[in-house]
**Student:** 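The structure follows.
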Amino acid sequence: MAVDKTLKNRRTFPHFPIFLFLPLLFVGISCPAFSGTSTAQPVLHRDHRTVLVLFSGRHATMDDNNFRDYWEFPLNFLGLKAEYRNLSTEPPPSLAELNRFRGVALSLSEGIRDPAALWSFMERILASGKRLIVLGDMPPYRTSSGEPFPSAFKVLALMGLKRMGHWETKRLRYSILNSSMTGFELPPPPLPPVFNPLSSVRPENTVWLGVRSAGRRNSGTVSTPIVTGPFGGIALDPFITRAFPLSPGKEGWVVDPFRFLETALNLRDAPRMDLTTLNGTRIFYSQVDGDGFETLSSYRKGLMCSEVLYREIFTRYALPFSVSVIASQIDPRYQGSKTRVHWARKIFSLPNVEAASHTFSHPFYWVPTAVQKAEGPVHTHIPGYRFNLDQEVKISLDWMNRTLLPPGKKVMLYQWSGNTRPGIDALQKVWAYPILNMNGSDTRFDAENPSYLFVFPYYRKVGPYLQFFNSDANEYILTHDWKGPYFAYENILQTFANTDSPRRVDPVNVYFHFYIAQKEASLHSLKYVLNRVSRQRIAPLFSSEFVRVEEGYINARIRPVRQGNRNGWRISRYGRDTTVRFDHASGRWPDLGLSRGVLGYRHKNGSLYLFLALRPTATIFLTDQKPSVPVLRSATGYLLFSRLPHGTIEFTYKGWEPGNRLELSGLAPGERMIRVPCASKTCVVRAGPEGRLTLSGLKKNVSYRLLPSP
């Protein structure tokens, strides 16, 4: 299906006719999931990493509004989070509430409940020193009777802007086009014949795009729809995005959303929590949705897809897989069989497989509308079954843990199915079980969807609960709703590349269903992707472990600290998200003398990635001097790492063992170290010509030491 720019339409919605009418091709649609054991209630810490988003629209929701569809992913990449309020149904917040937020963004359409109160609120925002961003259009300046709102022109004055009336002329031209902000993915659009000029009149503001009228009465007037300044910023339509000329319905960015938000929110030198990288290495994880477990493969005759994947994927690739099943399709009391139980047990017994649930009945819609209910069943048909959240979560999870899993294992992840938009009741059941959850993203960034607009935000909040998104699209999406070409999953490699450079915005997420083993072409596309990924430097995690990284990203708190005349940051509550990124920092390094809990660093794409220790807090100070002591440059997993007196380094490896790798930098070229313990004939390792030392073959949870060689 053609992927549209909006979250609502970018999601793949349920395709239940496949379940109902093709029993040998058991194909369903679902999204990535979230794994691990969790507390009953999510811990949400609000600090100045959060932006308050005010939107409007009688039918708009926190899931379906312009900021969510366009701007939340760039905001997440910059390390920030969004909290939403609908001005069509709620008043603006009190000034006291603003203390929780770094700034306020307005992304408005129709139906503002009280424009006068909004202008007054904007005035209070600016007077308090908070940053204000206006996206799309300014609120109405006048009442329905034509009277101006008293605060409107005060707000414009505080922003350094002046309203100039209307230009009704075709004689317009661009007079300012700053290429570092505009023309990001597409050039600015043709100018409209009717235009509402708004001009920057403050020298401290930066104008990124300007339009001049050739009309005599407007001579010398420049309208400035893209502006940043001490107040924040404005980005007005139609200069934010535009349609791709040869791809109807698909849009790309005109404005650079990363630079615009970074500048408007004064983030350039601020640290960002980063969930793409672990100890300098890009994170990899893979999850399998349970659809098609029992489907017969047309490629491997007589075998179920589950058996094919067991033989040709799970036992052949030394990578972690989070594998889910639909409980009703396995349990012989419903629609399963002893044979399906047998193969589920074999798969879950593998050391590189963690168990996950893809629900009990595979709901297509988690909060179905009356129309959706009238169209047909809202989950797979199970004789005598009526949808029940207790059955979908607790009862089916208890059965899986009791029946399918070997001793010492338990189900770690609940992978949402169907439209992957659970309501608050379903999320509450999952959080209370407790079990981690995942799925919800169909990120693609490839030739068919060549824009960051098709990269999803990192998570979804429903009431007090969090739904953790996966990172990339699955084979159903890339094969156009499983209509072919069936080799098309290999195109996910374009997404992996485009989300790694020129900026790393996502991990590597290999996401597929059991039915990928039905076709020869689709199974080979999966092998092709896994072979390519296996040759890259990756930090493999189970999906539940990646959810813990997402959890750390959300909960982390960043506070400024000062030591003497030096400014730094204290990072706390980051959990398993141990990476902090500084952009525009190719000439900066960690000051290891002042910093605490910093294991190492690496530069990539002009950014500085710092690796934090697994501890409650870390303190970061930067310097323009490169460290002169050995530091961690990269590792394929977590480490307990410390520098001891007399040049000794001690560490314990906590990562994935097959293909593990650890690299140190900062040694003298050719410097020798003694590795204790060691498994080879010689325990002496030597740094290369650039002062880097690489270790592999490390065992998990073994304490190692590197001693200076005499």
Side-chain angles (χ1 to χ4, degrees), residues 51-54 67 71 75 92 95 98 101-108 112 115-142 148-167 172-182 188 191 195-213 217-240 254-270:
V51 172
L52 174 64
V53 177
L54 303 179
F67 192 95
W71 294 95
L75 190 77
L95 193 59
L98 286 180
F101 302 105
R102 183 178 189 92
V104 178
L106 270 63
S107 182
L108 306 172
I112 300 172
L118 176 58
W119 281 110
S120 297
F121 176 66
M122 293 167 66
E123 184 180 356
R124 294 196 301 272
I125 293 171
L126 295 169
S128 72
K130 294 285 183 182
R131 294 273 172 146
L132 175 64
I133 298 175
V134 181
L135 303 168
D137 201 358
M138 301 294 288
Y141 296 101
R142 299 178 182 275
F149 293 115
S151 294
F153 296 101
K154 293 180 184 178
V155 168
L156 292 181
L158 289 170
M159 299 169 77
L161 303 173
K162 185 178 180 181
R163 194 160 177 261
M164 309 299 291
H166 283 75
W167 287 348
L172 301 176
R173 63 181 179 85
Y174 287 108
S175 60
I176 301 172
L177 284 176
N178 190 311
S179 60
S180 64
M181 180 69 81
T182 61
L191 289 165
F195 198 76
N196 296 320
L198 188 66
S199 295
S200 175
V201 294
R202 179 177 293 169
E204 296 88 346
N205 288 347
T206 300
V207 175
W208 302 97
L209 184 146
V211 178
R212 185 184 295 274
S213 169
R217 68 187 179 117
N218 299 315
S219 178
T221 301
V222 176
S223 183
T224 56
I226 310 293
V227 177
T228 58
F231 70 93
I234 62 168
L236 305 182
D237 291 332
F239 306 100
I240 299 173
V254 174
V255 168
D256 181 339
F258 307 104
R259 181 161 191 178
F260 176 81
L261 291 174
E262 177 187 81
T263 306
L265 292 168
N266 193 26
L267 295 170
R268 182 178 175 86
D269 297 323

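These values consider heavy atoms only, across backbone and side chains, with no hydrogens, waters or symmetry-generated copies.
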**Student:** Find the distance between CZ (R102) and CG (N266) and round it off to the nearest 0.5 Å.
**Tutor:**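 Those atoms lie 6.5 Å apart.
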**Student:** A quick test of your reading: do over 12 heavy atoms of other residues, nucleotides or ligands sit less than 6.0 Å from NZ of K130?
**Tutor:** yes
**Student:** State the CG-OG1 distance between L177 and T182, to the nearest 0.5 angstrom.
**Tutor:**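 Reported to 0.5 Å precision, the distance equals 5.0 Å.
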**Student:** Decide yes or no for F260 and I240: does some side-chain heavy atom of the first lie under 4.5 Å from some side-chain heavy atom of the second?
**Tutor:**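 Not touching, per the 4.5 Å side-chain cut-off.
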**Student:** Looking only at heavy atoms, what is the nearest atom pair of S128 and L95, with distance?
**Tutor:** CB-CD1, 4.4 Å
**Student:** When you compare the side chain of L132 with that of L106, does any pair of heavy atoms fall below 4.5 Å?
**Tutor:**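 In short, these two side chains touch, coming nearer than 4.5 Å.
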**Student:** Quick check for you: to the nearest 0.5 Å, what is the distance between L209 atom CG and S179 atom OG?
**Tutor:**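 Reported value, rounded in 0.5 Å steps: 12.0 Å.
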**Student:** So L75 and F67, do their side chains get closer than 4.5 Å, heavy atoms only?
**Tutor:** yes
**Student:** Return the CZ to OG1 distance between F258 and T263, rounded to the nearest 0.5 Å.
**Tutor:**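 Answer rounded to 0.5 Å: 13.0 Å.
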**Student:** With no hydrogens and no angle check, is any side-chain donor or acceptor of S199 less than 3.5 Å from a backbone partner on V222?
**Tutor:**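 It does hold such a pair.
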**Student:** Yes or no on side-chain contact (heavy atoms from CB on, under 4.5 Å) for F231 and N205, after CA distance, side-chain angles and deciding distance?
**Tutor:** CA-CA 9 Å; F231 70 93; N205 288 347; 3.6 Å; yes
**Student:** Please confirm whether the backbone N or O of L191 pairs with a side-chain atom of R173, one donor and one acceptor, at under 3.5 Å?
**Tutor:** no
**Student:** Compare every heavy atom of L52 with every heavy atom of L98, then report the nearest pair and how far apart it is.
**Tutor:**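 Heavy atoms only, the tightest pair is CD2-CD2, 4.3 Å.
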**Student:** Indicate, with yes or no, if the rings of W208 and F239 have centres closer together than 6.0 Å.
**Tutor:**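 No, ring centres 6.0 Å or more apart.
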**Student:** If the test is side chain to side chain contact (heavy atoms under 4.5 Å, CB included), which one of I234, V227, T206 qualifies with S200?
**Tutor:** V227
**Student:** Which atom pair, heavy atoms only, marks the closest approach of E123 to S151?
**Tutor:** OE1-OG, 3.0 Å
**Student:** Distance from R259 atom CZ to N178 atom CG, nearest 0.5 Å?
**Tutor:** 6.5 Å
**Student:** Contact between I125 and F101 at the side-chain level, heavy atoms closer than 4.5 Å - yes or no?
**Tutor:**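 Counting from C-beta outward, I125 and F101 never come under 4.5 Å.
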**Student:** Nearest heavy-atom pair of I112 and P140: which atoms, and what distance?
**Tutor:**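 Shortest heavy-atom separation between I112 and P140 comes out as CD1-CD, 3.8 Å.
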**Student:** Search all heavy atoms of R202 against all heavy atoms of A157 and return the closest pair with its distance.
**Tutor:** NH2-O, 3.0 Å
**Student:** Which heavy atom in R131 sits nearest to a heavy atom in G229, and how many Å separate them?
**Tutor:**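 That would be NH1-O, 3.1 Å.
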**Student:** What's the separation between atom CE in M138 and atom CH2 in W119, rounded to the nearest 0.5 Å?
**Tutor:** 4.0 Å
**Student:** Do the non-hydrogen side-chain atoms of L118 and L108 ever get within less than 4.5 Å of each other?
**Tutor:**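 Of all side-chain heavy-atom pairs linking L108 with L118, at least one is under 4.5 Å.
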**Student:** Do the non-hydrogen side-chain atoms of K162 and L156 ever get within less than 4.5 Å of each other?
**Tutor:** no
**Student:** Pair M159, V134 - check side-chain contact (heavy atoms from CB on, under 4.5 Å), show working.
**Tutor:** CA-CA 11 Å; M159 299 169 77; V134 181; 4.2 Å; yes
